[in-house]
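Computation of the quantities below employed the complete heavy-atom set of this structure, encompassing side-chain atoms and omitting hydrogens, waters and symmetry-equivalent molecules. Just follow the structure's listing: the first ligand is 1, and inside any ligand the first atom is 1. Keep in mind that this is a model prediction, so the values were computed, not measured.
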Amino acid sequence: MNETNIRLKKNFIDKIAGGYPLIEKNAVIDTDKLTHEGMVINLVDNNGKFVAKGYYGKQNKGNGWVLTYNERDRIDYDYFRNEVEKAINLRKEMYDDRETTAFRVFNGEGDNIGGLTIDYYDGYYLINWYSEGIYMFREHIIKALTEITEYKGIYQKKRFSDGGKYIDEDDFVTGERADFPIIIKENGINFAVYLNEGAMVGFFIDQRDVRNMIKEKYAKDKNVLNTFSYTGAFSVFAAKGGAKKTTSVDLANRSRKKTIEQFIINNINPDEQDIIVEDVFKYFKYAVKKRLLFDLVILDPPSFAKSKKHIFSASKDYTNLLKEAILITEKSGIIIASTNCSSFDMKRFKEFVDKAFHETNTEYNIVEEFYLPTDFKINTKYKESNYLKVLFIKKS
Ligand code: SAH
């Protein structure tokens, strides 16, 4: 395959040579030579000396990813097969676990190829392509997956706008078509997953450890409020852990039907749970007015969301969100604060927490702390990939 030399700007050379995998938009001199997505590029210094090899693919984050630091590596079928095989071998034990049948098999730059993730849902694989560039390697990657694994079917999502170019290419790739929903298990609890309904499949795998902790240790006999509840995953685990009652609040109409579905497939009577379709901020006002108090309040907002009345940005507004939650949490109750925002780290997140409690004159202590589970392998040189931060905070 042809490879093109692309000069790096001086102040990016050490960063890339030191292992930073993202080819930032402003990192290269020869932008005019980046002519087609999926081209293999050799990043070089001003004297033409090799620094790293990668591919060109536009993502909001940058212009592509480094794949290797070995100039002789060819980016061919064997290369992709080797990387996919390594990733699968690292997760061998997860395949054997009958109680948990959904996990991440390949985690982008954490598994050496940025822009690509592969998830496993009880025999079905879902590939996410985050740029047209990585999509250009689809034949190799799909072939590798089909040769290495035993699969029922493979689905894909193109997480880039293709201007209609690949419109005839369905979400279904190969194998047998699933009859949706697929019912997967997570620590013995059922979950309905749809691989054919747009970007979100109904279930965020990365909160597995948090859900389990809620069920095992924090839900029994508790009155639980789950905000930004989506399909109610946290509510289901709380109910299974013996919660007195759960209240799920989400703005999206679809959330009611989806949450009822999750309760039913776990033999929980949805009539005994509250499912409220409403703006969370409006619900907080209602709860304060009605003097409702909860033992356990879960906050899992998106990094950024716009509703009719509100723009919520996690990096700006998390402190205020917490302050609202503190008001409706019982004394000695727990607030679970979660964020998937990659623009701040755990240290900063704890500062938001501290500020919220300080400004409401409330004492607190942090009792649990979670990051991504191990199948979401992270690249230690790329801190942004460690996006998930979850704190269990006990109100005094
Ligand atoms: N906690 C969920 C995932 C949350 S996804 C889980 O564990 O599965 C984010 C959700 O926030 C989406 O379902 C979206 O509809 C909802 N949302 C965004 N802004 C909102 C608001 N202002 N009020 C209520 N829900 C909101």
Under a 4.5 Å cut-off applied to non-hydrogen side-chain atoms, are [X] and [Y] in contact?
X: K185; Y: F191; value: no
X: I113; Y: L67; value: yes
X: K240; Y: I268; value: yes
X: K350; Y: E369; value: yes

key: Worked check of salt bridge (Lys or Arg N to Asp or Glu O under 4.0 Å) between K244 and D221   = CA-CA 5 Å; K244 212 189 291 167; D221 299 327; over 6 Å; no
Which protein heavy atom lies closest to [atom], and at what distance to 0.1 Å?
atom: atom 8 (O) of ligand 1; result: Y230 CD2, 3.4 Å
atom: atom 23 (N) of ligand 1; result: V280 N, 2.9 Å
atom: atom 1 (N) of ligand 1; result: D300 OD2, 2.7 Å
atom: atom 17 (N) of ligand 1; result: F228 CD2, 3.7 Å
atom: atom 7 (O) of ligand 1; result: F234 CE1, 3.3 Å

Which ligand 1 atoms, with their elements, are less than 4.0 angstrom from a heavy-atom of [X]?
X: A305; value: 18 (C), 19 (N)
X: D279; value: 21 (C), 22 (N), 23 (N)
X: E278; value: 23 (N), 24 (C)
X: P302; value: 9 (C), 11 (O), 18 (C)

inquiry  = Counting only nitrogen or oxygen atoms and a 3.5 angstrom limit, does Q207 reach ligand 1?
reply    =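 It does not: no N or O of Q207 is found under 3.5 Å from an N or O of ligand 1.
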inquiry  = Any nitrogen or oxygen of L251, side chain or backbone, less than 3.5 Å from one on ligand 1?
reply    =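 Indeed, backbone or side chain, L251 has an N or O that close.
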ask   = Which word best sums up how the rings of F352 and F344 line up, parallel for under 30°, tilted for 30 to 60°, or perpendicular for over 60°?
value = perpendicular
ask   = Is it the side chain, the backbone, both or neither of R254 that has a heavy atom closer than 4.0 Å to ligand 1?
value = side chain
ask   = At a 4.0 Å cut-off, with the gap strictly under it, does some heavy atom of D250 reach an atom of ligand 1?
value = yes
task = List the atom of S385, the atom of L372, and the distance in Å for their closest heavy-atom pair.
result =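 Looking at all heavy atoms of both residues, the shortest contact is O-CD1, 3.5 Å.
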task = Flag the pair W65 / Y20 as yes when their ring centroid distance falls below 6.0 Å, and as no otherwise.
result = no
inquiry  = Check this for me: does any side-chain nitrogen of one of K157 and D171 sit under 4.0 Å from a carboxylate oxygen of the other?
reply    =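 Here K157 pairs with D171 in a salt bridge, since their nearest N and O are under 4.0 Å apart.
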